[in-house]
Protein chains: 2
Amino acid sequence: MGEATQTISDLIQSKLDDLTRAERQLALSVLQNYPASGLGTLTALAQNAGVSVPTVARMVQKLGYKGYPEFQAALREELKAQVKTPIAKHETWAEAAPSEHILNRFTDAVIENIRLTLSQIDPDAFDQACRLIGDESRHLYIVGGRITHTLAEYLFMHMQVIRPNLTHVQTTSNTWPHYLLNVQEGDVFVIFDVRRYENNTLKLAEIADKRGAKIVLFTDQWRSPVHQLAHICLSNRIVVPSAWDSAATIMLLVETMISAIQSLNWETTKERVENLEDMFDQTKLFRKFT
Amino acid sequence: MGEATQTISDLIQSKLDDLTRAERQLALSVLQNYPASGLGTLTALAQNAGVSVPTVARMVQKLGYKGYPEFQAALREELKAQVKTPIAKHETWAEAAPSEHILNRFTDAVIENIRLTLSQIDPDAFDQACRLIGDESRHLYIVGGRITHTLAEYLFMHMQVIRPNLTHVQTTSNTWPHYLLNVQEGDVFVIFDVRRYENNTLKLAEIADKRGAKIVLFTDQWRSPVHQLAHICLSNRIVVPSAWDSAATIMLLVETMISAIQSLNWETTKERVENLEDMFDQTKLFRKFT
DNA sequence: ATCGCTTTGTGATAAATTTTTCACAACTGT
DNA sequence: ACAGTTGTGAAAAATTTATCACAAAGCGAT
């Protein structure tokens, strides 16, 4: 298996450690839009990556080329060679791995799950769920089960920044009846329940429903029994080549929802989010935007 | 949905009849090595096609471009668009929603993240990581930070079923120096660290490294400083149209890894999974799945 | 906080390359 | 022979690249 061909993309990645911050920023920009961005002018590339012209010149030489034109020529050669080789490549995600590799099989399955899930989702229901969950006048309960509690926690963590007045409930814990004493009509429950569905979760949902709370349910394609009580039900495809189910699609929906709610509540969230961005600045990885 | 996207290749072919002999020869040469040959200098292209410089200039203008640079720019644009996976392009994910809806925009971004992440991953490194993490003779430590602890927990939960001899460490907790007393040479640390990177995590990694443990790092495209100590580094794209970063791609990799390790260890895992299911049945935590 | 050290951007400039265009001669096919 | 096409060589214009010195900013270590 003498795969001795090193692409320029590989070269850049291997040298990533020897590069300085601005150069790394540039390198990542080249990879982001590979190889098209490297085929324009030096000046355009610099602008596109948000670095100065000398930085580009310096990096190209660090990579071992005599000058930018030589670097470009190498890119073109690679592009020329790439088109010649059989097509089989474009079908795979991890190009360096055969298509039967688990990386490619698993990713295929997840992408297909995403496609199916999204194609069956009702955007109006989704928007409505966002409005409910973002409504600060309603107390928000987030409920996860044995496996799904990580998703619940992820949502909880972010919602905590966006709005006050929320509670994280684990159905596996025995403290949850406690929380329910305060549930009021109009409160919102976000419940995660995928197979195998949990009895505790169903019980909790029943109590919440009885008290007049609205339920937003994240479940799988077979739908947890909770869905009969749910005001909005978001069902996800979760089957992958594994002994377990995939939470990746649900994660995608959760993150999308976080982003949507954050936009809805922007006026009130703004300050909290800006604090967060200050924290990003401290990484010093990024140039300050002015 | 009358997509009238005409590639430059199409354009050239359609104008083929209006071109003169030398121009046609040139055009065919461009198509022969498309699009690489069009991305060099005008002179090079002329030489390559065996025509004169003015012929190139004349044809480019006949095709409707103001000059050669404009023609080149168009080619680059096309290349840029082409690289995007067919599945990621021109497809609306939530068909019932407009393409500007957050559901579609966010999913686009995540798919693109997956594509870029997978294309840059080294499958050998991945496989090696799986073998390390699945090796029951090494104690396994799983480490997450403020945001990433949910991912760490997700991995931990599954690994708990697959193999014994593992520990979940939260860097935000102050109990972690405790765990480190027992670390031995050859033990394995799986560390999650995305921006902003946490000092605690780095310190922990340094201690682990000093004690001779191997580190598998899940990080973002800018790579946590831990990567200098890491035996294997898996970097993910995480940028989405949101105030926060996306963990979906990392989740995908984690799940893929779980699936791969479970296959490696299937003989020993089998029993453990069955035992676990028995236990759940007995506690009647779950309803039977039909 | 302060001090060195490295990195980075700026603006300018010179060098190199590339593009564009020209007039004219040579060539082509009819 | 004629009309249209093509190549030549040149030169001007435009663009691009490479570099420089210096100042500003960032970083790490006290």
Side-chain angles (χ1 to χ4, degrees), chain A residues 15-30 36-76 278-290, chain B residues 15-30 36-76 195-197 199 202-203 206 222-226 228:
Chain A
K15 294 242 181 178
L16 222 49
D17 287 329
D18 304 337
L19 300 178
T20 61
R21 178 186 58 76
E23 284 167 353
R24 199 152 38 230
Q25 181 177 334
L26 167 62
L28 289 171
S29 166
V30 171
S37 61
L39 292 167
T41 72
L42 185 152
T43 319
L45 176 58
Q47 214 155 27
N48 205 270
V51 302
S52 69
V53 167
T55 299
V56 180
R58 282 189 282 249
M59 186 194 74
V60 165
Q61 297 189 355
K62 251 192 198 170
L63 288 178
Y65 298 98
K66 204 170 173 205
Y68 187 70
E70 196 182 301
F71 167 72
Q72 263 192 341
L75 272 180
R76 271 199 307 275
D278 283 347
M279 289 180 5
F280 285 164
D281 284 346
Q282 286 171 27
T283 65
K284 295 176 181 171
L285 253 170
F286 307 95
R287 168 191 316 258
K288 290 235 171 88
F289 296 104
T290 45
Chain B
K15 293 239 179 178
L16 221 49
D17 287 333
D18 303 340
L19 300 178
T20 61
R21 182 188 54 75
E23 284 167 352
R24 199 152 37 231
Q25 180 179 333
L26 167 61
L28 290 174
S29 166
V30 170
S37 61
L39 292 166
T41 72
L42 186 151
T43 319
L45 177 57
Q47 217 156 25
N48 205 270
V51 302
S52 70
V53 167
T55 301
V56 179
R58 281 190 283 252
M59 187 194 74
V60 164
Q61 295 190 355
K62 251 191 197 169
L63 288 178
Y65 299 97
K66 204 171 172 207
Y68 187 70
E70 195 181 300
F71 167 73
Q72 262 193 341
L75 272 180
R76 272 199 307 275
R195 69 175 185 187
R196 79 177 249 221
Y197 313 116
N199 276 331
L202 180 56
K203 276 185 204 150
E206 277 164 356
W222 302 281
R223 297 194 298 181
S224 141
V226 173
Q228 287 165 332

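The structure presented is a predicted model; accordingly, all values stated were derived computationally and were not measured. Excluded from the calculations below are hydrogen atoms, water molecules and symmetry mates; all remaining heavy atoms, backbone and side chain alike, are included. Throughout, a chain's letter reflects where its sequence line sits, starting with A, and its residues are numbered from 1.
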To the nearest 0.5 Å, what is the distance between CG on B:L28 and CG on B:L16?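 One finds 5.5 Å between CG of B:L28 and CG of B:L16.
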Rounded to the nearest 0.5 Å, what's the gap from CG on B:L45 to OG on B:S37? Could you check?
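Here the rounded value is 6.0 Å.
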Q) Base, sugar-phosphate alone, or nothing: which one does A:Q61 contact when heavy atoms must sit under 4.0 Å apart? A)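 Sugar-phosphate, backbone atoms only, no base.
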Assign B:P69 to base, sugar-phosphate, or nothing according to its heavy-atom contacts below 4.0 angstrom with the strands shown.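 The residue B:P69 makes sugar-phosphate contact but no base contact.
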Quickly work out the [X] [atom1] to [N] [atom2] distance and round it to whole Å.
{"X": "B:E23", "N": "D:dT5", "atom1": "CD", "atom2": "C1'", "result": "9 Å"}
{"X": "A:Q25", "N": "C:dG9", "atom1": "CD", "atom2": "C1'", "result": "12 Å"}
{"X": "A:L19", "N": "C:dT6", "atom1": "CG", "atom2": "P", "result": "18 Å"}
{"X": "A:L42", "N": "D:dT16", "atom1": "CG", "atom2": "P", "result": "10 Å"}
{"X": "B:F71", "N": "D:dT15", "atom1": "CZ", "atom2": "P", "result": "19 Å"}
{"X": "A:R24", "N": "C:dT8", "atom1": "CZ", "atom2": "P", "result": "9 Å"}
{"X": "A:R58", "N": "D:dT17", "atom1": "CZ", "atom2": "P", "result": "16 Å"}
{"X": "B:N199", "N": "D:dG28", "atom1": "CG", "atom2": "P", "result": "11 Å"}

query: So which one's nearest nucleotide on DNA chain D is more toward 5', A:T41 or B:V53?
result: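 Closer to the 5' end of DNA chain D: B:V53.
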Flag side-chain contact, heavy atom, 4.5 Å: B:V226 against B:Y197:
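B:V226 does not reach B:Y197 side chain to side chain.
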* When you measure from the side chain of B:T43, which nucleotide among D:dT6, C:dT19, C:dG9 comes out closest? ->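 Output: C:dT19.
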Please pick, from D:dG7, C:dG9, D:dT8, the nucleotide with the shortest atom-to-atom distance to any side-chain atom of A:S52.
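For the A:S52 side chain, the nearest candidate turns out to be C:dG9.
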* **Pairs where residues 58-74 of chain A contributes a residue and the test side-chain hydrogen bond (donor to acceptor under 3.5 Å, both in side chains) is met, not counting sequence neighbours** =>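 Output for this query lists A:E23-A:K62.
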ask   = For C:dT6, does OP1 or OP2 lie under 4.0 Å from any side-chain N or O of A:T20?
value =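 For C:dT6, neither OP1 nor OP2 has a side-chain N or O of A:T20 closer than 4.0 Å.
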Between B:R21 and B:Q72, which is nearer to the 5' end of DNA chain C once each is assigned its nearest nucleotide?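 The residue closer to the strand's 5' end, by nearest nucleotide, is B:Q72.
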Subject >> A:R24/A:D17 salt bridge by N-O under 4.0 Å criterion >> reply: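 Salt bridge between A:D17 and A:R24, a charged N being under 4.0 Å from a carboxylate O: no.
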